[in-house]
> 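To start, I am sharing the structure in question, which I have written as structure tokens.
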Amino acid sequence: MAMDKTFDAGRAEARIYAEWEAGGAFRAGANASRPETFCIMIPPPNVTGSLHMGHAFNNTLQDILIRWHRMRGFDTLWQPGQDHAGIATQMVVERELAKAGNRSRREMGREKFLEKVWEWKAQSGGTIIGQLKRLGASCDWSRNAFTMSGAPGAPAGEQGNFHDAVIRVFVELYNKGCIYRGKRLVNWDPHFETAISDLEVEQIEQDGHMWRLRYPLAEGATWDRPVEWDDEGNPTRTEPCDYLVVATTRPETMLGDTGVAVHPDDPRYRHLIGKHVVLPLVGRRIPVVADDYADPEKGTGAVKMTPAHDFNDWKVGERHGLRPVNVMTTRAAMFLKDNSDFLADAQVSQEALALDGLDRYEARKRIVELAGEQGWLDGIDADRHMVPHGDRSKVAIEPYLTDQWFVDTAKIVGPAIDAVREGRTKILPEQHEKVYFHWLENIEPWCISRQLWWGHQIPVWYDEDGNHYCAATEAEAQAMAPGRSLTRDPDVLDTWFSSGLWPIGTLGWPENTPELQKYFPTDVLVTGFDIIFFWVARMMMMQLAVVEREPFHTVYVHPLVRDEKGKKMSKSLGNVIDPLELIDEYGADAVRFTMTAMAAMGRDLKLSSQRVAGYRNFGTKLWNAARFAEMNGVWEGHATRAAPPAPEATVNRWIIGETGRVREEVDAALAAYRFNDAANGLYAFVWGKVCDWYVEFAKPLLADPATAAETRATMAWVLDQCMILLHPIMPFVTEELWGLTGQRAKGLIHADWPDYGAELADPGAEREMRWVIGLIEEIRSARAQMRVPAGLKLPVVGVALDAAARAAWAGNEALILRLARLDGMTEGAAPKGAMTVAVEGASFAIPLEGVVDLAAETERLERSLAKLEKDLGGLRGRLSNPKFVASAPEEIVAETRETLERGEAEAAKLRGALARLAAG
RNA sequence: GGGCGCGUAGCUCAGUGGUAGAGCACUACGUUGACAUCGUAGGGGUCACAGGUUCGAACCCUGUCGCGCCCACCA
């Protein structure tokens with residue numbers, strides 16, 4: 001076996017992954033004999049989705065937790081799957097169909113269209129699975145779930161029956177009175193022609209206009225309208241006015257106005273309360289009502305009320321008995337001709353208005369035109385304001401009055417709040433708990449019906465009289481309504497209603513499956529903050545409502561991956577970094593390690609490819625350490641061993657202790673979800689300790705027959721530990737090395753996670769190594785400062801060594817000579833023209849006369865001395881402060897004292913060296 | 001309007017009371033048999049600003065400035 005110079009990630013990753021899969025490494029139950037279980041539910045990506053950075057990050061963290069627990073012997077399940085993503089998928093498939101020149105969804109009909117969606121799913125729904133595999137995600141793919149599995153029309157091969165669980169929950173919640181049907185104002189998406197929930201609305205700031213309209217006062221009423229103002233905007237002159245002025249950004253809604261609101265204390269209008277205005281065009285007499293909602297500061301202080309097309313107006317309307325009058329159809333066009341609500345009041349002929357059937361924006365123009373012509377347009381102001389948009393369709397949504405199904409969230413929210421408040425479920429970082437509480441404590445009813453086709457059809461049937469029957473099947477519904485002719489509600493459920501059941505649904509509920517018993521409640525949910533409301537809160541509410549248990553004990557909310565400049569990655573900005581391209585270029589391990597190292601809790605991470613390159617080099621570094629070992633016969637006859645060897649050489653004892661330390665560090669970091677600490681700790685250990693020092697120290701030891709064998713054993717063990725500890729973060733390169741470097745009973749993915757710790761530390765060895773490393777660093781530093789040619793070996797004179805220093809030197813002479821590039825030591829007085837370096841309990845003089853520029857060195861020493869003196873001054877000041885000595889913890893005081901003593905000794909040596917240099 | 005977070009080296013960021021850290025970038029030297037995807041050494045920071053608490057503050061409190069995000073807001 002001869003190892004290649006580097007790890008060829010591009011070639012090896014697919015092979016390694018295939019081996020894991022073929023060996024059933026990801027299967028739940030692989031550790032079935034163990035009592036502890038560990039389960040993570042993947043946040044199911046949209047079946048339309050492809051892997052973006054957010055997924056890559058999110059799934060890397062999950063995979064780390066999963067691999068870590070698997071190696072620790074937990075019976076581990078990482079449940080994968082995809083979400084059917086109602087609107088998103090319907091949109092994608094419609095677009096695809098249009099591209100292929102097919103008939104539209106409507107022409108095609110529901111059944112045929114759904115067939116097409118399933119076809120599409122079969123064809124390209126697995127894309128993201130392949131991409132997750134490239135990342136190294138060790139999900140149990142044999143259990144892959146889908147939120148629409150088992151739905152009518154699902155192809156035979158589709159495993160699972162998520163549909164039944166969803167329907168069953170709907171029926172249960174309905175029967176408990178937690179789901180109801182109601183005619184309410186909803187966010188209507190005119191593009192998809194469906195209701196959407198509050199959460200699916202996003203506010204976008206847009207330039208627009210504010211139109212001021214005049215509504216004539218009835219009963220001969222007037223008010224004093226200001227016509228002149230002073231510099232501060234206070235009115236200086238008023239004139240009696242026989243109309244009210246209302247301002248609106250949507251003038252077309254005026255046809256549905258059924259009131260005008262003013263503030264009860266507004267002196268301008270107080271006398272008008274209870275009087276009426278006559279709505280232009282329609283002639284409807286509508287009341288002036290007093291309501292705190294009307295803000296005297298805004299607009300004209302009088303605000304038109306359109307309860308059927310505005311959420312605030314709806315509330316005001318309820319308080320004052322203002323009737324909602326719908327003036328738009330589902331397509332957001334005017335419909336007046338057949339609108340009985342509207343016709344009841346209309347006193348103008350529809351033809352004269354010429355509004356019927358107009359799109360809302362056309363209608364807006366027409367209304368403004370009419371207002372101008374008829375003299376009730378008071379003015380137009382430019383206005384920039386927020387306009388609600390459908391988050392998928394990107395069109396302005398229209399509040400619209402329809403019959404919809406709602407979850408009465410107020411009834412099921414309590415346990416979800418309590419679970420977090422009482423710590424049964426923890427949200428990390430904690431700051432997110434506040435947001436969670438705030439949302440849940442102010443929760444609104446959840447509109448769950450969607451006028452779409454792709455989704456779980458609502459299990460409700462209507463009879464001829466409009467009575468409804470909720471049941472799991474049509475037969476059951478029919479049994480509830482004997483002899484009546486039933487039609488099923490055509491609407492489907494909000495996608496999030498089904499994904500809200502992801503934890504129990506994927507585990508086979510309502511059957512009490514072994515998986516459900518074993519893995520539920522699951523352990524940790526790893527997710528981004530953007531779906532805390534959409535998904536996390538709903539899972540909490542729904543699991544608690546249905547099975548009365550929290551779905552997970554921890555929610556780890558990870559930060560957002562942004563681009564190098566800190567901008568959110570988005571297609572429209574064109575700043576999207578494709579994780580697959582990064583994987584192609586640097587390998588999955590490098591991408592994973594980068595994200596892990598940057599995953600500090602609660603802070604967004606800015607990703608740059610340069611950083612990824614750096615961590616790719618880290619993998620190479622480990623690879624080369626193993627390669628060095630191979631060249632030195634370290635792996636010959638090596639077999640996995642759990643316990644560390646018991647070597648005699650200081651260096652070997654030292655590195656074993658360091659390994660124990662890093663293992664504890666990694667475990668503590670992962671247990672606290674401090675992924676970055678785990679990654680950075682390992683990086684510092686592998687590169688900074690093992691490669692920089694241990695491998696270098698090992699070179700002379702391997703050459704010496706007295707220490708070669710134990711050094712080979714130690715190095716093999718230490719490198720094994722590096723592979724094991726790094727495996728959760730860098731699974732591919734470590735697995736490859738594992739296979740190349742010894743007799744292995746099982747793959748690294750199954751290797752036993754170590755449980756040694758600080759007890760491996762050997763204080764004597766550590767002290768000695770600290771001394772040796774300190775000395776070498778001092779000498780190197782001095783050599784570099786003095787520009788001693790790197791190839792030139794120098795002698796060194798030990799000056800006044802104490803016994804410990806002499807012993808440390810004697811025990812490590814070969815190491816020191818080699819790494820400090822010295823050619824031998826004598827003891828005695830420092831010669832003239834020598835530079836002195838100080839380490840604990842010893843000082844060494846390096847004769848430099850004739851070798852280098854002594855004047856420059858003098859300068860350096862003086863600088864060091866000055867800096868040292870400054871630091872020492874601070875320390876002396878602190879120690880001479882009685883309050884510090886009295887109130888600081890003892891160990892801090894002791895530490896300060898030691899630091900001062902060491903510093904003073906060093907300063908003395910520097911002074912000595914300076915004196916000698918001056919003499920020379 | 002309400003809430004949350006951030007401001008530390010040129011850049012990206014760690015660091016939750018005890019003399020400021022990493023990676024990258026930069027400078028100098030170096031191909032010494034694991035690694036140039038490398039090694040050694042070095043320069044570089046009044047921790048946004050102002051107050052306060054404390055023996056001691058990057059860290060805790062108050063305020064100011066700057067940046068980001070979430071929620072609400074279609075008069």
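Each chain gets a letter, A, B and so on, in the order its sequence line appears, and its residues count up from 1.
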> Students often get this wrong, so: under 4.0 angstrom with heavy atoms, is A:R212 touching a base, only sugar-phosphate, or nothing?
nothing
> What interatomic distance, in whole Å, is found between P of B:C61 and the corresponding atom of B:G17?
12 Å
> With respect to the side chain of A:A888, which nucleotide from B:C71, B:C55, B:C73 is positioned closest?
B:C55
> If we call it a pair only when both distances are under 3.5 Å in a Watson-Crick or G-U wobble match, what pairs with B:A72?
none
> Across the strands shown, which category fits A:P882 at heavy-atom distances under 4.0 angstrom: base, sugar-phosphate, nothing?
nothing
> Can you check salt bridge (Lys or Arg N to Asp or Glu O under 4.0 Å) on A:D378 and A:R212, steps first, answer last?
CA-CA 5 Å; A:D378 192 71; A:R212 295 194 308 271; 2.9 Å; yes
> Can you tell me the Watson-Crick or wobble partner of B:C47, both distances under 3.5 angstrom?
none
> Can you tell me how far P of B:A28 sits from CZ of A:R783, to the nearest Å?
20 Å
> If each of A:R611 and A:V246 is mapped to the nucleotide of RNA chain B with the nearest heavy atom, which maps nearer the 5' terminus, i.e. the 5' end?
A:R611
> Can you tell me which nucleotide in B:C71, B:C74, B:G23 comes closest to the side chain of A:Y293?
B:C74
> Does the structure show a Watson-Crick or G-U wobble partner for B:G30, both distances under 3.5 Å? Name it, or say none.
B:C38
> Once each nucleotide of nucleotides 35-43 of chain B is scored for protein heavy atoms under 4.0 Å, what B/S/- sequence comes out, 5' to 3'?
BSBSSSSS-
> May I have the distance from A:D313 (atom CG) to B:C74 (atom P), rounded to whole angstrom?
8 Å
> How would you label the contact of A:T899 with the nucleic acid (heavy atoms, under 4.0 Å): base, sugar-phosphate, or nothing?
base
> Roughly how far apart are A:I816 CD1 and A:I773 CD1, rounded to 0.5 Å?
10.5 Å
> Within the 4.0 Å heavy-atom criterion, would you say A:D295 contacts the bases, only the backbone, or no part of the nucleic acid?
base
> Tell me: CD1 of A:I892 to C1' of B:C55, nearest whole Å?
13 Å
> What is the distance, to the nearest angstrom, from the CD1 atom on A:I532 to the P atom on B:G3?
19 Å
> Run the numbers on A:E778 and A:S781 for side-chain hydrogen bond (donor to acceptor under 3.5 Å, both in side chains), then give the verdict.
CA-CA 5 Å; A:E778 280 296 319; A:S781 175; 5.8 Å; no
> Which of these passes salt bridge (Lys or Arg N to Asp or Glu O under 4.0 Å) with A:R250: A:D310, A:D257, A:D313?
A:D310
> Counting side-chain heavy atoms from C-beta on, which of B:C73, B:C55, B:G18 comes nearest to A:N881?
B:C55
> Would you indicate which nucleotide in B:U19, B:U32, B:C70 comes nearest to any side-chain atom of A:L875?
B:U19
> Carefully, step by step, assess A:F732 and A:F7 under the rule ring pair (Phe, Tyr, Trp, His ring centres under 6.0 Å).
CA-CA 9 Å; A:F732 291 108; A:F7 174 59; 7.8 Å; no
> Which nucleotide, in any strand shown, forms a Watson-Crick or G-U wobble pair with B:U54, with both distances under 3.5 Å?
none
> Applying the Watson-Crick and G-U wobble criteria at under 3.5 Å, what pairs with B:G7? Answer none if nothing qualifies.
B:C65
> Report the distance from atom CZ of A:R364 to atom P of B:C74, rounded to the nearest whole Å.
14 Å
> Could you check whether A:R11 pairs with A:E736 (Lys NZ or Arg NE/NH1/NH2 to Asp/Glu carboxylate O, under 4.0 Å)?
no
> Between B:U12 and B:A50, how many Å separate the two C1' atoms, rounded to a whole number?
29 Å
> Roughly how far apart, to the nearest Å, are B:A9 and B:A20 at atom P?
15 Å
> Taking the minimum atom-to-atom distance to the side chain of A:M598, which one of B:C55, B:U12, B:U19 wins?
B:U12
> Between B:G44 and B:G23, how far apart are the two C1' atoms, rounded to whole Å?
15 Å
> What distance, rounded to whole Å, do you find between the two P atoms, one in B:A41 and one in B:U46?
25 Å
> Just to verify, which of A:K304, A:R360, A:H309 counts as forming a side-chain hydrogen bond (donor to acceptor under 3.5 Å, both in side chains) with A:T253?
A:K304
> For atom C1', what is the distance between B:G51 and B:A14, given to the nearest Å?
28 Å
> Any base atoms under 4.0 Å from A:L622, or only sugar-phosphate, or nothing? Heavy atoms, all strands.
nothing
> On the six-membered ring of A:F884, is A:R878 placed so that its NZ or CZ lies under 6.0 angstrom from the centre and within 45° of the ring axis?
yes
> Scan A:P789 against the nucleic acid and name what it touches under 4.0 Å (heavy atoms): base, sugar-phosphate only, or nothing.
nothing
> What contact category does A:R821 fall into here, base, sugar-phosphate, or nothing, at under 4.0 angstrom with non-hydrogen atoms?
base
> Between B:C69 atom P and A:E202 atom CD, what is the distance in whole Å?
13 Å
> Separation of A:N676 atom CG from B:U16 atom P, in whole Å?
11 Å
> Which value, in whole Å, describes the distance between the P atoms of nucleotides B:G18 and B:C29?
40 Å
> Using the P atom on both, measure B:A72 against B:C13 and round to a whole Å.
28 Å
> How long is the line joining CG of A:D677 and P of B:A14, in whole Å?
11 Å
> Run the salt bridge (Lys or Arg N to Asp or Glu O under 4.0 Å) test on A:E696 and A:R818 for me, step by step, so that the C-alpha distance in whole Å, both residues' side-chain angles and the decisive distance to 0.1 Å come before the verdict.
CA-CA 9 Å; A:E696 293 306 322; A:R818 180 190 156 80; 3.7 Å; yes
> NA contact type, A:A597, heavy-atom cut-off 4.0 Å: base, sugar-phosphate, or nothing?
nothing
> Could you check whether the rings of A:W439 and A:F533 sit parallel, tilted or perpendicular, using 30° and 60° as the cut-offs?
parallel
> Counting side-chain heavy atoms from C-beta on, which of B:G18, B:C4, B:C70 comes nearest to A:F529?
B:C70
